[in-house]
Number of protein chains: 2
Amino acid sequence: MTNAEKQSGERMPLRPADQLIHKAAWLYYTHGLRQDEVAQRLNLSRASVATYLRKARETGIVTISTSSQLYTDEALARRLEDAIGLDAVWIVPEDREALDPSTEMPVVAATVFQELARSGDRIAIAWGRTVYHIADVMAYADRQNVTVVQLCGNLGAPYNYRPDQCTTEIARRLNAEGINFYAPLVLSSERLAEELRAEPVILEQLKSIATCQLALYSVGGIEADSHLVRCGALSAAEMAEMGKAGATGVIAGQLIDAEGQLVDCDYNRRCISADLDSIRAIPKRLMVVEEANKFEPLVAAIKGRLVSHLVVTTSMAQRLLSRWEGAPA
Amino acid sequence: MTNAEKQSGERMPLRPADQLIHKAAWLYYTHGLRQDEVAQRLNLSRASVATYLRKARETGIVTISTSSQLYTDEALARRLEDAIGLDAVWIVPEDREALDPSTEMPVVAATVFQELARSGDRIAIAWGRTVYHIADVMAYADRQNVTVVQLCGNLGAPYNYRPDQCTTEIARRLNAEGINFYAPLVLSSERLAEELRAEPVILEQLKSIATCQLALYSVGGIEADSHLVRCGALSAAEMAEMGKAGATGVIAGQLIDAEGQLVDCDYNRRCISADLDSIRAIPKRLMVVEEANKFEPLVAAIKGRLVSHLVVTTSMAQRLLSRWEGAPA
DNA sequence: CACGTGGGCTGACAAAAGTCAATTAAGTTG
DNA sequence: CAACTTAATTGACTTTTGTCAGCCCACGTG
């Protein structure tokens, strides 16, 4: 089955070529025949069968998934869950002979995400480097009736991990429908933002976020080289200003304070993005944090109940734990 | 991770040996390293890695699943869904160069079952040759928090597809908890059956059936060589008698009439089994019918709304379709 | 402390799967 | 309708994987 066909939503009959891929996959993976046996049965060369099988894997007709339990296993993860009250924590080790954490974390996150995503779900996707990395390493799967929605408005050109790209790419991987959000993330005036938010198309989509079953995002920092500044949503000076005014992190393009509440500021009022209560209404909020310098933003997001499932490095986990054990929330 | 450990319910830390299996599986399947690379990384021989990977597949640490769409694909399946109002139909072809349908049907059913079963589900399992065949070919998977419950009481010795065995085997395959039902299917007196049904343990379990998300069963016939007769629950003569009195098929050990309603008879009153309304309350009722001679019982089960998902042969599908198109329900 | 004893590991070989350049088929355009 | 373009298919070759007899080492035992 072709992506285009699946994307169109309607369940379509398989084209002859896709039928063959399905049959080959079925005989090989489900019945355990050898490639030459499959070839014989379908009157093909073995080489073709090998090609078909690769396609079957690439398109999600067959799915090979590995348990991510390895990363939930450490005692540290358990303690963190208990201390902070999260549903589940995955810890990516940085030390010893381990894999490079900078490549490993997105892989773990992608696996976890796939485990959490169910057929029929609506899934909200934020943006950012982390999310894009995850999309990039995510396995193809063929989930039925999944809808992927974009959590916040878009920004202009420079980045290749724009919100709509994150959404689209993940939708493609799941063979799901991707719903993009055609509004800018930040507008130049509060009034304009308000009017745009009231537009039926936008309103509809913003409302639909609260009905998602799963969200995937990271949290942003507020440094001069943070994501928002580099995208030009805010100047470095403005950002510094906001930091003084209590901003601690960024969720779906919006500034939050140290308690994980929306900062009451002009910038936030000019944003078009999911409101925090909608996000909190999503049962599974999967947060993935790669950078060590996102400690304070992460703490804020946790305090603001914006996280239910968490993927972090060992050292970040340790810092979180000592913070909570030192001063329980 | 060992089955014993998983079975115990509590999430336990992995033993060192199981850790290795997980790591090998992760590197090989998730990262796509070659076996020799994995071996190098984990300081093992490649042969050991191969062994570990086999174990990982066998225990459900990695899962390889194939889309069953091939069997939903035919137009016939679509027409049947529409005509009868089922959620989904899978059709196993019998003709042409196809696989032997008698082995293929359980394989398809097992695949469909795995697709329908979600983590966290409660799953009700009936018994019979068909169900046991399905259990037998079912792939191993490692679902979290699944509970498998037995739909009806047990019978005595002769069969090796006793209700408790079906339940236990499927629970083992899913790495789930299996809850057996320690009561006979039929008692010698109505009074005794009633008293037993009122026992807290039994009562509890019977009530819990309505809260399942998925049921797996077949439908029984009422011939002299039918399941119930061969198990000694009913004599051939009694069964013939019941047939005259309107019994058309058997669901979870109980006789149903042509409309899929419980027959009001002594035998049924002596049964300890899920009541039909509890079964109807289960959202996904997967019925699998292998034998051509179960046409009338199947029609009865469908009329009684005991089926939402169906796996049948092409010829059975055709017969169903002509019945419904001839005289819509 | 020598003696099994069994689980896990290895090396070497056989079997299976992956790859790619060449070829054929199918479709498209001037 | 011939020429060209593109995609599908294959045979031959290489690489990777599966297997199993034998080995080694840790551990319990007489």
Side-chain angles (χ1 to χ4, degrees), chain A residues 1-7 12-67 70 73 97 99 137 139-140 172, chain B residues 1-6 12-67 70 73 97 99 137 139-140:
Chain A
M1 162 153 314
T2 254
N3 273 351
E5 281 178 341
K6 279 313 266 311
Q7 225 81 20
M12 288 205 183
L14 300 172
R15 292 180 323 189
D18 296 320
Q19 272 252 19
L20 266 187
I21 298 183
H22 269 86
K23 281 188 186 170
W26 184 262
L27 292 171
Y28 187 78
Y29 286 105
T30 304
H31 280 278
L33 301 198
R34 275 180 279 110
Q35 293 188 356
D36 53 354
E37 297 177 295
V38 175
Q40 205 179 339
R41 234 202 180 92
L42 302 179
N43 266 71
L44 295 165
S45 71
R46 203 188 50 71
S48 298
V49 173
T51 313
Y52 286 168
L53 293 179
R54 186 164 35 69
K55 278 189 195 154
R57 287 188 301 264
E58 284 170 0
T59 56
I61 289 171
V62 323
T63 311
I64 302 183
S65 59
T66 316
S67 158
L70 196 50
D73 186 44
E97 88 290 347
L99 292 150
V137 297
Y140 288 85
R172 199 168 74 83
Chain B
M1 164 153 313
T2 257
N3 274 351
E5 280 177 343
K6 279 316 265 310
M12 289 204 181
L14 300 172
R15 292 180 323 188
D18 295 321
Q19 272 252 18
L20 267 186
I21 299 183
H22 270 86
K23 282 188 185 170
W26 184 262
L27 292 171
Y28 187 79
Y29 286 106
T30 305
H31 279 277
L33 301 198
R34 274 179 281 113
Q35 292 187 358
D36 52 355
E37 296 176 298
V38 175
Q40 204 179 338
R41 230 198 185 98
L42 302 180
N43 267 73
L44 297 166
S45 72
R46 202 191 47 72
S48 298
V49 173
T51 313
Y52 285 165
L53 293 179
R54 187 165 33 69
K55 279 191 194 152
R57 288 188 300 264
E58 283 169 359
T59 56
I61 290 171
V62 323
T63 311
I64 303 184
S65 59
T66 316
S67 158
L70 197 50
D73 187 44
E97 88 290 347
L99 292 150
V137 297
Y140 287 86

*Is there side-chain contact between A:I21 and A:I61, with at least one heavy-atom pair below 4.5 Å?*
yes
*Who pairs with A:T66 by side chain to side chain contact (heavy atoms under 4.5 Å, CB included), at least two apart in sequence or on another chain?*
B:A25, B:W26, B:Y29, B:T30, B:V62
*Would you please name every residue forming a side chain to side chain contact (heavy atoms under 4.5 Å, CB included) with A:A47, sequence neighbours left out?*
A:S45
_Rounded interatomic separation in angstrom, taking CG from A:L27 and P from C:dA17_ = 13 Å
*Quick one: A:D36 CG to C:dA14 P, roughly how many Å, whole number?*
18 Å
*What distance do B:L70 atom CG and A:K23 atom NZ have between them, rounded to the nearest 0.5 Å?*
6.5 Å
*Measure the distance from CZ on B:R34 to C1' on C:dA17 and round it to the nearest whole Å.*
13 Å
*asked:* OP1 or OP2 of D:dT10 versus the side-chain N and O atoms of A:S48: is any pair under 4.0 Å?
replied: yes
*Between B:Y52 and B:V38, is a side chain to side chain contact (heavy atoms under 4.5 Å, CB included) present by the stated rule, with each step listed?*
CA-CA 11 Å; B:Y52 285 165; B:V38 175; over 6 Å; no
*Under 4.0 Å between a side-chain N/O of B:Y52 and OP1 or OP2 of C:dG8, yes or no?*
no
*Go through the structure and list residues passing side chain to side chain donor-acceptor pair (under 3.5 Å) with A:R34, not counting sequence neighbours.*
A:D36
*Residues which pass side chain to side chain contact (heavy atoms under 4.5 Å, CB included) with B:A50, listed by chain and number, not counting sequence neighbours*: B:Q35
*Whole angstrom is fine here: how far is it from CD in A:E37 over to C1' in C:dA17?*
13 Å
_Range-with-range stems of DNA chain C (Watson-Crick or G-U pairs under 3.5 Å, three or more in a row)_ = C:1-30 with D:1-30
*Taking CG from A:L33 and P from C:dA15, how many angstroms apart are they, rounded to a whole number?*
18 Å
_From CG of B:L44 over to P of C:dG7, roughly how many Å is that when rounded to an integer?_
19 Å
*asked:* Return a single string for nucleotides 18-26 of chain D, one symbol per nucleotide in 5' to 3' order, where B is base contact, S is sugar-phosphate-only contact and - is none, cutoff 4.0 angstrom on heavy atoms.
replied: BB-------
*For the pair B:E58 and B:R54, evaluate salt bridge (Lys or Arg N to Asp or Glu O under 4.0 Å) and give the outcome as yes or no after the intermediate values.*
CA-CA 6 Å; B:E58 283 169 359; B:R54 187 165 33 69; 3.7 Å; yes
*Rounded distance (Å) that lies between atom P of D:dA8 and atom CG of A:N43*: 19 Å
*Any side-chain donor paired with an acceptor under 3.5 Å for A:R172 and A:Y140?*
yes
